[in-house]
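Here the structure is laid out as structure tokens; the discussion comes afterwards.
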Amino acid sequence: MSRDLQLKLISSTSSTGYCLVLHAGAGGRVEELSLEDQKNYSEGLEAAYRAGETVLENRGTALDAVCASVASLEDNPLFNAGRGAALTATGRAELDAAVMTGDGQAGAIAASRHARNPIHAARKVMEETKHVLLVSPTEELVTGWGLETVEPDYFITEARQRQLRNVRDRLLAGSRHGTVGAVAVDKAGRIAAATSTGGMVNQSDGRVGDTPIIGAGTYARNGLAGVSCTGEGEAFIKGAVAHDVTSRMRYLHAALPAAVAATIDTELTAHDGSGGLIAADAHGNLVIAHNSPAMFAAYRDGEKIITLT
Ligand code: ASP
């Protein structure tokens, strides 16, 4: 499979004083989707973009904005996060999510089965516990946080069951579109990043990818950048990809696009890992980059919300 880097740089804070970028997974070529599917993904991304942007417009925090966008995508069964998550080899939905703010706060959950919105649970870990990562938070814990709980079956859709059967019967390569993420910089210059996923279709029960690993799939540091990743999680963990981007900025004084390009080259492409990331720096420059054939994303260009599907 091709591993050519595709990198898009967007400059966006000049007029608004804030910026937001979303992704919805990296994977195969866009032609693999029907026009109808493409339209639905695009509409879902646009609705999620508006949810986050409304927060930022009203002087809300980057944290509230990324959580609003990611929760919207989790509620949409098309995406591999929350309802409609990719299923494990035994047909379970095990959800991972993480959030980080640029002042060094972080929270994450792995193999979550009860919180309707995994991203809200990740935020509760950050705000209400001394921990960073909780595995399999109990229903009682989630209820105690004041969050909505659901039966584990809520997350499972027929489309994902069909996908699992097809992947197991080797009729379909494990297409990976659908993990979701958001990065925002608010009017006060605070940066936040959030990511949510069901993981890789047909993964072993209990497998955890990069999404809830701070520094691998999700990272933010004020003054530098926020990063949310998607792709073959093991490669992102081994390359500490999200942190590597900010380290290049911090220690080598690389600009965001150069840092992202170098990280993808050395930590992903060189090791035959596939995927991509979104990132925003403190100046409002946005980057969408991937070495997979395609990546779903959303950003604003003037009057228009642009969706890549
Ligand atoms: N990175 C996610 C994982 O490895 C999957 C994805 O982004 O598609 O769990």
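Note that the structure is a prediction, hence the values are computed from the model and not measured. Start at 1 and go down the list; that is how both ligands and their atoms are numbered. All heavy atoms count here, side chains included; hydrogens, waters and symmetry mates do not.
- Shown in contact with T179 at under 4.0 Å from a heavy atom are these atoms of ligand 1, numbered in order with element: 5 (C), 6 (C), 7 (O), 8 (O).
- Relative to the six-membered ring of Y49, R300 misses at least one condition, a distance below 6.0 Å or an angle of at most 45° to the axis.
- Considering backbone and side-chain atoms together, Q203 places no N or O closer than 3.5 Å to any N or O of ligand 1.
- Those atoms of ligand 1 with a heavy atom of D210 less than 4.0 angstrom away are 1 (N), 2 (C), 3 (C), 4 (O).
- Considering backbone and side-chain N/O of T230, one or more are found under 3.5 Å from N/O of ligand 1.
- In the model, N285 has a side-chain atom that pairs as donor or acceptor with a side-chain atom of S11 under 3.5 Å.
- Side-chain atoms of D75 and N117 form a donor-acceptor pair, as typed in the model, at a separation below 3.5 Å.
- The closest side-chain donor-acceptor pair between T195 and T218 falls under 3.5 angstrom.
- At a 3.5 angstrom cut-off on N or O pairs, T197 does not count as close to ligand 1.
- The ligand atoms of ligand 1 that sit less than 4.0 angstrom from a heavy atom of G199 are 9 (O).
- Judged by the shortest distance from any of its heavy atoms, R207 lies inside the 4.0 Å radius around the atoms of ligand 1.
- If you look at F296 and F79, their ring centroids are not closer than 6.0 Å.
- Residue contacts with ligand 1: G231 is placed with a nitrogen or oxygen under 3.5 Å of a nitrogen or oxygen of the ligand (distance criterion only).
- Residues L22 and I119 fall within the same hydrophobic cluster, defined by Ile, Leu, Val, Met, Phe, Trp and Tyr side chains chained together at heavy-atom separations under 4.5 Å.
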